[in-house]
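The chains referred to below are lettered A, B, ... by the order of the sequence lines, with proteins before strands, and numbering in each begins at 1. Here the structure is a predicted model, which is why all the values come from computation and not from measurement.
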Protein chains: 2
Amino acid sequence: MSLKHAILTLLETEDGTGYDLLKRFEDHLGYFWNASHQQIYAQLKTMHKEALIDFQLETQDDKPDKKIYTLTDSGRQELSEWVQQPLKLGKVKDALLVKIYAGHLADKEQLLEEMLHYRDSHKRMLQTFLAIEDEYLNSSKKKQQELAMPYLTLRRGIIGERACIEWAEEVIQYLRKIRA
Amino acid sequence: MSLKHAILTLLETEDGTGYDLLKRFEDHLGYFWNASHQQIYAQLKTMHKEALIDFQLETQDDKPDKKIYTLTDSGRQELSEWVQQPLKLGKVKDALLVKIYAGHLADKEQLLEEMLHYRDSHKRMLQTFLAIEDEYLNSSKKKQQELAMPYLTLRRGIIGERACIEWAEEVIQYLRKIRA
DNA sequence: CAGCAATATGCAATTTATTGCATATCAATA
DNA sequence: TATTGATATGCAATAAATTGCATATTGCTG
């Protein structure tokens with residue numbers, strides 16, 4: 001159950017609504033943690049019951065209401081306890097690799113198409129990450145120190161995407177070779 | 001629901017019991033797909049009901065009974081259909097990265113410990129993969145052709161592990177720098 | 001010979017995640 | 001002015017995964 005901790009982590013950085021969290025999952029944490037809006041709202045409800053978080057209701061006449069969530073002391077404690085604890089490694093589930101493994105059953109042209117698409121989306125992702133890195137590296141020393149840890153996760157993204165692309169190139173080269 | 005397809009993939013290569021599949025998940029597919037024995041047995045039961053697989057019961061006097069599962073035509077078809085279909089990308093869930101993201105709350109020494117452990121286990125994994133690769137590269141051309149697609153998944157493992165290690169080194173270096 | 005690891009299978013309860021549905025406003029655009 | 005996309009929230013049903021328990025044999029080791 002670590003969506004809980006992912007949410008605590010996000011709220012620790014900045015208060016926000018469920019929708020804000022969704023956006024932050026998509027934009028920032030998205031590379032290493034994902035959650036649907038249904039999951040997030042449900043989890044927030046549970047965590048509120050558990051008193052890990054609290055919210056201020058912002059009633060607006062024109063727009064729909066907002067619940068701005070904040071960490072409680074208890075939530076802050078839960079987070080720092082979790083951060084201290086060693087974690088068991090998460091399970092990998094990569095359907096593309098299962099598919100490649102069974103690749104002798106697939107149409108090679110189609111597989112090639114899919115791999116090209118895979119490579120290109122990872123290239124785009126890499127470009128996005130590099131742009132964020134650039135921004136970081138051009139920010140003030142103070143800002144850099146503040147964001148040092150999140151920056152390291154960005155580095156994971158960059159290194160990971162490069163690995164994806166490198167592998168995709170190998171697969172593409174192989175698929176083209178056997179076609180010829 | 002792709003545990004189903006992972007199991008179909010394994011059975012397509014070779015028939016086996018639930019336990020065999022568990023071992024093959026651990027040993028071979030483990031890098032990119034994981035499943036507990038409870039999950040596997042439950043899934044096998046469901047798939048049998050769906051007529052995707054069948055089994056021969058091997059009653060043994062001395063040892064506990066075995067159910068040796070095989071693909072049915074229907075299962076084979078399901079697999080090849082799945083392999084044809086483009087897949088949506090799976091969701092990443094990497095708790096370590098969430099933890100690093102919230103790393104300013106953590107004890108840095110402990111984090112360093114954890115990262116060293118992380119790096120070393122990935123180094124060991126890489127060694128394992130390289131040994132398997134070596135075996136592959138020294139096998140006959142025929143064998144190599146047969147295992148070409150699984151070999152590409154192994155390459156993913158090797159490239160992925162190298163990326164893990166590279167990143168871990170960066171994090172370790174950073175943690176040591178701020179300690180000094 | 002007692003205990004433990006490996007083989008071999010499974011149920012039940014609970015937790016987590018997905019899928020589908022539902023509502024409501026605002027701003028832009030066609 | 002009608003539609004779409006973004007904001008903002010949620011319920012209900014189902015599917016998938018985890019956790020805990022349970023059984024039974026073989027072979028090895030201390």
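Going from atom NE2 of A/H48 over to atom C1' of D/dT9 covers 15 Å, rounded to whole Å. A straight line from CG of B/D27 to P of C/dT7 spans 10 Å, rounded to a whole angstrom. Atom OH in B/Y41 sits roughly 19 Å away from atom P in D/dA22 (whole-Å rounding). When the P atom of C/dA17 is taken as reference, atom CG of A/N34 falls 11 Å away, rounded to whole Å. C/dT15 atom C1' lies 10 Å from atom CD of A/Q43, rounded to whole Å. What separates NE2 of B/H37 from P of C/dA6 is a distance of 15 Å, to the nearest Å. Atom CG of A/L22 is separated from atom C1' of D/dA8 by 10 Å (rounded to the nearest Å). One interatomic measurement links the two molecules: CZ of B/R24 to P of C/dA8, which rounds to 14 Å at whole-angstrom precision.
Between C/dT9 and B/K45, no contact under 4.0 Å exists linking OP1 or OP2 to a side-chain N or O. An OP1 or OP2 oxygen of D/dT7 is reached within less than 4.0 angstrom by no side-chain nitrogen or oxygen of A/T17. OP1 or OP2 of C/dT18 lies within a sub-4.0 Å distance of a side-chain N or O belonging to A/Q39. A/K23 has a side-chain polar atom (N or O) that falls below the 4.0 Å cut-off from OP1 or OP2 of D/dT7. The side chain of B/K93 contributes no N or O atom lying less than 4.0 Å from OP1 or OP2 of C/dT16.
Residue whose closest nucleotide on DNA chain C sits further toward the 5' end, between B/Y19 and A/S36: B/Y19. With the nearest nucleotide of DNA chain C identified for both B/K67 and A/W33, B/K67 has the one nearer the 5' end.
For the pairing with A/I53, the side-chain contact (heavy atoms from CB on, under 4.5 Å) check across A/D15, A/T70, A/L44 returns one residue only, A/L44.
By the 4.0 Å N-to-carboxylate-O rule, A/E170 lies too far from B/R156 to be salt-bridged with it. Salt bridge status for B/K142 with B/E146: present, with a side-chain N to carboxylate O gap under 4.0 Å.
A donor and an acceptor atom, one from each side chain of B/Q110 and B/E114, are nowhere located under 3.5 Å apart.
Under the 4.5 Å side-chain heavy-atom criterion for ILVMFWY residues, a single connected hydrophobic cluster contains both B/Y136 and B/L130.
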